[in-house]
Amino acid sequence: QVQLVESGGGLVQAGGSLRLSCAASGSIFSINAMGWYRQAPGKQRELVAEITSGGSTNYADSVKGRFTISRDNAKNTVYLQMNSAKPEDTAVYYCYADIRVLTIVYDYWGQGTQVTVSS
């Protein structure tokens with residue numbers, strides 16, 4: 001069994017910062033890409049940022065220059081540093097990971113963590 005456990009969500013004022021963490025545990029052979037999606041009420045889930053095992057990153061245009069994704073491969077953990085938060089960043093944030101278990105790669109998702117940015 002593989003689990004992704006998120007932490008760090010909460011309430012922050014506009015212009016403030018928040019750091020999300022997501023740790024993978026279980027029968028993990030290796031982890032390829034890891035990243036974060038978010039879903040606001042009434043909207044589709046959208047990619048926020050992703051990072052490969054080699055450290056290459058990709059960001060949504062709406063968060064470029066404000067959010068930073070990073071990972072600690074030794075801890076199987078991905079982070080999302082959110083700076084200069086805006087009310088439109090309010091959403092449930094989900095982490096994901098492409099994890100190899102034995103010979104097959106599966107997509108795993110966290111349970112989601114609420115981020116609320118007040119104006």
Side-chain angles (χ1 to χ4, degrees):
Q1 289 285 356
V2 174
Q3 282 189 319
L4 298 185
V5 178
E6 300 156 350
S7 60
L11 176 64
V12 63
Q13 287 190 330
S17 298
L18 208 59
R19 190 191 195 207
L20 307 182
S21 300
C22 173
S25 62
S27 302
I28 297 170
F29 182 82
S30 63
I31 302 179
N32 299 331
M34 302 182 81
W36 296 89
Y37 278 71
R38 68 186 180 187
Q39 187 167 20
K43 294 188 176 182
Q44 288 189 328
R45 189 176 295 192
E46 62 174 358
L47 175 69
V48 176
E50 58 188 354
I51 184 168
T52 68
S53 57
S56 297
T57 58
N58 180 44
Y59 295 93
D61 288 342
S62 59
V63 306
K64 282 180 181 177
R66 300 188 298 119
F67 291 8
T68 301
I69 190 170
S70 61
R71 64 191 281 174
D72 185 332
N73 290 330
K75 296 181 179 180
N76 291 334
T77 299
V78 62
Y79 306 96
L80 185 69
Q81 179 67 43
M82 305 170 57
N83 297 331
S84 303
K86 301 178 180 180
E88 50 264 43
D89 295 323
T90 295
V92 177
Y93 285 68
Y94 299 90
C95 73
Y96 82 90
D98 295 334
I99 297 176
R100 182 178 173 188
V101 180
L102 297 179
T103 61
I104 301 174
V105 177
Y106 300 92
D107 288 341
Y108 289 93
W109 292 85
Q111 77 283 3
T113 186
Q114 177 70 47
V115 172
T116 303
V117 184
S118 62
S119 57

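Treat the numbers as computed from the prediction; the structure is a model and nothing was measured.
Electrostatic pairing of Lys64 and Asp61 counts as a salt bridge here, judged by a charged N lying under 4.0 Å from a carboxylate O.
In this structure, Thr90 contributes its side chain and Val117 its backbone to a donor-acceptor pair below 3.5 Å. Listed for the Glu6 side chain is a donor-acceptor partner under 3.5 Å among the backbone atoms of Cys95. Not one N or O on the side chain of Arg45 forms a donor-acceptor pair closer than 3.5 Å with the backbone of Leu47. Between the side chain of Arg71 and the backbone N or O of Gly54, no donor-acceptor pair lies under 3.5 Å.
Both Val2 and Met34 sit in one connected hydrophobic cluster of ILVMFWY residues. Membership requires side-chain heavy atoms under 4.5 Å apart, directly or through other members. Residues Val115 and Leu11 do not share a hydrophobic cluster, clusters being chains of Ile/Leu/Val/Met/Phe/Trp/Tyr side chains in contact below 4.5 Å. In the hydrophobic clustering of this structure, Tyr79 does not group with Leu4; members are Ile, Leu, Val, Met, Phe, Trp, Tyr whose side-chain heavy atoms approach within less than 4.5 Å, directly or through other members. Under a hydrophobic-cluster definition in which Ile, Leu, Val, Met, Phe, Trp and Tyr are linked whenever side-chain heavy atoms come within less than 4.5 Å, directly or via other members, Val92 and Val48 are assigned to different clusters. Linking Ile, Leu, Val, Met, Phe, Trp and Tyr whenever their side-chain heavy atoms come within less than 4.5 Å puts Ile69 and Tyr93 in one cluster.
At a threshold of 4.5 Å between non-hydrogen side-chain atoms, the residues Met82 and Arg66 do not count as touching. Ser21 places none of its side-chain heavy atoms less than 4.5 Å from the side chain of Lys75.
More than 12 heavy atoms of other shown residues, nucleotides or ligands fall within 6.0 angstrom of atom CD in Gln114.
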Give the C-alpha distance, both sets of side-chain angles, the deciding distance and a yes or no for side-chain contact (heavy atoms from CB on, under 4.5 Å) between Tyr108 and Ile28. CA-CA 11 Å; Tyr108 289 93; Ile28 297 170; over 6 Å; no
What verdict does the side-chain contact (heavy atoms from CB on, under 4.5 Å) test give for Arg38 and Leu80, after you've listed the backbone C-alpha separation in whole Å, the side-chain angles of each residue and the deciding distance to 0.1 Å? CA-CA 12 Å; Arg38 68 186 180 187; Leu80 185 69; over 6 Å; no
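Listed by first and then second residue, the ring-ring contact (aromatic ring centres under 6.0 Å, His included) pairs that reach into residues 18-66 are Tyr37-Tyr96, Tyr37-Trp109, sequence neighbours excluded.
For Glu88, the salt bridge (charged side-chain N to carboxylate O under 4.0 Å, His left out) test picks out no residue, with sequence neighbours left out.
Counted by atom type alone, Asn83 and Ser17 present one or more donor-acceptor pairs between their side chains at under 3.5 Å.
Residue Cys22 forms a side chain to side chain contact (heavy atoms under 4.5 Å, CB included) with just one option from Val5, Thr113, Val78, and that option is Val78.
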